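Since the model is a prediction, treat every value here as computed from it, not as a measurement.
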Amino acid sequence: MEIWTALVDDLCLMSFTAWTQKNDAGPARVRVLDSISKNNLVYAQEVAGLCREQDAPDRIRLIRRSPRDWWPSGLFHASDQSWPAVVARGLILSAGLVVLSRSHLTEVRQPGWRRVLTLVERGQSRQFGQWRLSAAEFLGEQDRRAEFEQAFRATLARSGDLYRAGEAGAYDVGDVQSHHALPRVLRRSGLPQSWLSTWCDYPRRRRNATASRAATRLIDDMRSRRGWPSRQRSRAAVRTVGS
């Protein structure tokens with residue numbers, strides 16, 4: 001289950017990324033982005049608690065770490081924060097988490113892990129559906145389809161380390177089974193098969209956030225942004241976990 005420790009970082013950063021997109025979104029999209037942001041932070045808290053990544057994985061310690069303590073996947077090593085790039089990022093991460101949680105639910109027996117994996121699988125399945133709707137909008141707009149294709153192919157090429165940790169002595173091989181299954185799930189989004197050609201053949205090792213100026217800036221922005229996360233978000237998170 002070591003790979004889940006690394007995915008805590010991706011969940012936190014996707015939560016923040018979705019939150020930052022709300023300023024430029026319409027009313028309907030704001031509600032979706034707020035749900036994605038809130039729930040990904042919940043999942044990060046829950047998984048971090050099980051992984052015992054920190055003595056007390058509360059929301060402040062979870063988020064306020066310096067960049068050297070982050071090992072995000074390549075999804076967050078790019079500076080492009082445009083809506084097409086964010087949709088590509090969300091689509092790949094949610095699909096990747098659905099694949100991994102379903103795979104591990106067939107193997108684990110510990111009640112705590114089964115509860116959290118079920119929570120993640122259900123929540124990320126909903127998010128995958130939401131990102132699919134946004135992707136379908138791009139696919140249906142001829143003038144924006146090429147823009148989305150470029151963003152998606154570039155994002156997929158960078159995310160080959162999704163299923164492999166980066167720290168020395170950590171999960172060295174990666175989850176090869178999930179890595180090979182991800183393109184099949186992404187194909188269900190209606191994406192052309194040719195767009196999936198940038199997915200690498202084998203899981204790559206993650207890099208530390210300090211290796212990427214884009215990742216470092218994103219983490220610094222998240223750590224310094226006032227009102228993030230809000231107390232209301234934290235209270236809502238508790239209710240979501242308990243439901």
Enquirer: Between R207 and D161, is there a side-chain N and carboxylate O pair less than 4.0 Å apart?
Expert: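 The answer is no: the pair does not qualify as a salt bridge.
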
Enquirer: For the residue pair H104 / W4, report whether a side-chain donor-acceptor contact shorter than 3.5 Å exists.
Expert: yes

Enquirer: How about P27 and V30: do any of their side-chain heavy atoms sit closer than 4.5 Å?
Expert: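 No; the side chains remain at least 4.5 Å from each other.
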
Enquirer: Which atom pair, heavy atoms only, marks the closest approach of R164 to R204?
Expert: CB-O, 3.1 Å

Enquirer: Check the angle between the aromatic planes of H179 and W199 and answer parallel, tilted or perpendicular using the 30° and 60° thresholds.
Expert: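 H179 and W199: parallel rings.
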
Enquirer: Looking at H180 and D201, what are the two nearest heavy atoms and their distance?
Expert: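 Taking H180 first and D201 second, the nearest heavy atoms are NE2-O, 3.1 Å.
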
Enquirer: Salt-bridge test for D10 and R206: reply yes if a basic N is under 4.0 Å from a carboxylate O, no otherwise.
Expert: yes

Enquirer: Looking at E46 and R115, does any basic side-chain N land under 4.0 Å from a carboxylate oxygen?
Expert: yes

Enquirer: Atom SG of C12 and atom CZ of R65: how far apart are they, to the nearest 0.5 Å?
Expert: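 Result: 6.0 Å between the selected atoms.
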
Enquirer: Using distance alone, with no hydrogens and no angle criterion, decide if S125 and E121 have a side-chain donor and acceptor under 3.5 Å apart.
Expert: yes

Enquirer: Same hydrophobic cluster for L105 and I3, using side-chain heavy-atom links shorter than 4.5 Å among ILVMFWY?
Expert: yes

Enquirer: More than 12 heavy atoms of other residues, nucleotides or ligands under 6.0 Å from CG of D143: yes or no?
Expert: yes

Enquirer: Any cation-pi pair here, R29 with W83, using under 6.0 Å and within 45°?
Expert: yes

Enquirer: Cluster question for you: counting only ILVMFWY and a side-chain heavy-atom cut-off of under 4.5 Å, with indirect links fine, are L33 and L13 together?
Expert: yes

Enquirer: Counting heavy atoms not belonging to R122, are there more than 12 under 6.0 Å from its CZ?
Expert: no

